[in-house]
S.K.: 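Take this structure first; my questions come after.
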Amino acid sequence: MTRTLALFLIAFLMSPVAWSQVADTVLLNGKILTVDERFSTQEAIAIDDGKILATGKNADIRKFVGSGSRVIDLEGRTVVPGLIDSHLHGIRAALSFSTEVNWIGATSLDDALGRIRSASRAMKPGAWLIVAGGWNVQQFKEKRLPTQEELIAAAPDNPVYIQLGYGWVLMTPAGYRALNISTEADLPAGGRFERTQDGKLTGAVTGAQSAIVALFDKLPLPSPDQQVDGTKRFFRELNRLGLTGFIDPGGNNLSPGDYPAVFKVWREGKLTVRVAYALNGQTSGKEFEEYQSLTRLLPMGFGDDMLKFNGIGERITWDMNNNDRPTEAQKDRYYQIIKWAAEQGITLTMHWGRDASVDQLLTLFEKLNKEVPISGLRWSIAHLNDASEKTLQRMKALGVGWTVQDAMYFGGEQFQQQNGAEAARRVPPVNTAGRIGVQVGAGTDAHRVASYNPFTALQWFLDGKTVGGVAIRGLEETPSRAAALRFYTTGSAWFSHDEKKRGSLEAGKLADLAVLSKDYMTVPVDQIGSIESLLTMVGGKIVYAAGPYLKFQD
Ligand SMILES: [Zn+2]
C-alpha cells in the first residue's frame, strides 16, 4: 500500500461522519427530550458502543439501522436523559438495601407496621428489623409516630430499630437488650431516653445527631455478601426510577470499611449506576490527617466513567457541622483543610443548613479564593434551602454551585411554622439562583432523611407540596418542567465535572437514558410522582426493562 493511500484510509476511518456508520441500538418513534441547550425534542436516537451517534427525525436516524442493530419502537413514549441525583447517600443506602425494612411510600402507619409484621415473618427470630430512615410522620394518614407497643405487637420475636431523620430512634425492649442498653448511661454521649410530659419512658432515644449516628453504628452490619447483593439491588431500584447516576456526598456512618461492596460490583463490571463519590473525615479533630492519608493515592477524578473519586465532603469537620457559631479555632482548622483541598485541585461539597449563618462559611471561601482560586474546582454547598439573594450572589462570584434537595417535601410544614408562610413561599429559591447564574443540581439526600425517588422530587419542584399535601412554595420560585428536568440532568452532572459527557442526549455523549411510563411534560403535575422508567440504559446497555420492553433485557 502506498503511503498516500494509507494516509487516505486513516483519514477516512477517523472521519467523524463516516457515511456507512451502523448503530448497535436505534430508538424510533419517540418524544425525546434531549435537554440540550435549546431543550429540543427529537423523534429518534442512534447509539453505538455506549455513546450517542445522533438524534433526529425518524427518517434520518433509520439510516443508522444495519442488519445487527437492535431497533426499539418507543410508540410515542417520552425519553429523558438518565437522571442524576447530585446528593444521594447511595453507597451507604445500598449496603443494607437487602436487609432493611423500607417505609418509603407507606401512606399509613398501618401499612408501615404491616411491613414490619411481614419482615418479622420472613426473617429468623432474633434477626434485626431496621428502618433506617426515608420516612416522615406527615406521610401517614394517622399523622403520628408509632408506639413501642405497636412495634412489639408487629414483631414479638425480633429486635426492632426505627430511625427518624437524625433525631429520634425507637427500639423494642428486645432491641435494647441486644445492644446491652439498660440505662441512659449506656447510650452514646449526647443521647437520652425520651419521656412523656408525665415522665414516662416512650421507648425512644433522642438527642444530638452524633448520638443517633453512634447508636446506629452499634447495629450489626450486613455480611459482605449481603452488602454486595444490597448494592446491586439498590442500583437496579434506582434504574427503575430512571436514575443512571448519583453523586455520593460521604457523610455520617460511612467509613473506609463501607466501600468494598461498591468497589467489588464496579470491578465485576456490574455497576448499573454511575457513581462519583466524596470522602469524608470521620474522626473529630483528626479530619485533616484522614483526608491527607485517604487521598495520597487517590488523585482527584481517579476512576472511570462508572465510578470515580470526586473530592471531599459533605461534612468537612465535625465541629463545623450544623454549627451556626463556630469559634475562631474551629474556623482555623476548617480553613487549613479547605486551603489544602484547593491547592490539590480537589472538589469539595459542604453541608450547610441555614442562610442566617452561612456568612461564616462564605467568608472563609472568599478569603481562600484570594489566596488560592476555587472557581474552577466545582465546589458546592448542599441544602441551604432558604438561601438569600445575597448569598447566591456570593456563591456565583466564587463559582460555587448549589445542590438542592426536596427537604421541604418532608420538612415543609415545620419550616413554615418556624419561619412563617411568607418565608416558606420562596424555599428553595431556584429561580433566583437561575437568574443569578448559580449552578443548580437536584437530588434527594436519601435515604436516611428522604426517599430516593427522583419523580417525588421533580413533582415537589413543580407543586411545592409536602408529603402531607400542603402547598408551601409560591410561583415566583417554582421552576418550569424543563428547568426542573435540567437540574436533575445536566445541572447535576456539573458537580462531578461530567456535563460534557452526560446529562443530555446529544451526539458524542454517553448513552444514558430512560423511557418513561408517562409524558413528564404533559401529564398533570400530581401524577409526576408516580412516573417510572420502562427502559433504562447506561452507556447504551439496558439495565432495567419493564412491560413492553422486557424482551430487550440485556
Ligand atoms: Zn447534608
Side-chain angles (χ1 to χ4, degrees), residues 84-94 132-136 163-168 208-214 216 246-255 258 275-282 284 287 291 310-324 326 334 337-338 341 347-358 360-362 364-365 378-387 391 395 400-412 414-415 427-428 430 439-452 454 457 460 487 492 495-496:
I84 303 168
D85 189 316
S86 55
H87 194 96
L88 173 74
H89 295 281
I91 294 174
R92 184 182 72 195
W135 62 282
N136 183 285
Q163 183 170 326
L164 174 62
Y166 281 108
W168 187 87
Q209 176 176 314
S210 56
I212 302 298
V213 169
F216 183 84
F246 68 84
I247 302 176
D248 189 292
N252 299 327
N253 295 115
L254 192 68
S255 59
D258 295 322
V275 181
Y277 65 96
L279 292 174
N280 193 127
Q282 291 293 336
S284 183
E287 294 94 345
Y291 289 127
N310 195 48
I312 63 172
E314 66 173 307
R315 189 194 61 222
I316 304 300
T317 62
W318 266 112
D319 55 24
M320 283 281 281
N321 188 46
N322 292 325
N323 183 353
D324 288 330
Y334 186 88
I337 295 173
I338 64 172
T347 297
L348 178 151
T349 189
M350 179 62 187
H351 164 115
W352 204 273
R354 300 167 61 232
D355 192 73
S357 60
V358 77
Q360 304 275 6
L361 178 70
L362 289 172
L364 294 175
F365 280 6
R378 311 274 168 114
W379 285 19
S380 59
I381 299 179
H383 320 313
L384 199 65
N385 297 298
D386 62 344
T391 294
M395 288 166 68
V400 168
W402 185 28
T403 64
V404 178
Q405 299 78 33
D406 59 338
M408 292 300 135
Y409 179 67
F410 276 168
Q414 200 188 358
F415 185 92
V427 168
V430 289
Q439 184 70 34
V440 174
T444 59
D445 201 12
H447 78 313
R448 290 274 200 280
V449 300
S451 154
Y452 44 78
W460 165 84
F487 297 155
S492 289
F495 293 84
S496 59

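Quick caveat: nothing in here was measured; it's all calculated off a predicted structure. Order of listing sets the numbers, starting from 1, for every ligand and every atom in it.
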S.K.: Please confirm if an N, O or S atom belonging to H351, backbone or side chain, lies less than 2.8 Å from the Zn ion (ligand 1).
M.R.: yes
S.K.: Does any N, O or S atom of D445, backbone or side chain, fall under 2.8 Å from the Zn ion (ligand 1)?
M.R.: no
S.K.: CD of Q414: more than 12 outside heavy atoms within 6.0 angstrom?
M.R.: no
S.K.: Would you mind naming the N, O or S atom of H383 nearest to the Zn ion (ligand 1)?
M.R.: NE2
S.K.: Just give me the atom name: the N, O or S atom of E314 closest to the Zn ion (ligand 1).
M.R.: OE1
S.K.: Hey, can you tell me if W135 and W168 have their rings parallel, tilted or perpendicular (30° and 60° cut-offs)?
M.R.: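 Correct class here is perpendicular.
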S.K.: Going by side-chain contact (heavy atoms from CB on, under 4.5 Å), F246 matches just one of T444, I84, V275. Which one?
M.R.: V275
S.K.: When you measure from the side chain of S86 to the backbone N and O of A442, does any donor-acceptor pair fall under 3.5 Å?
M.R.: yes
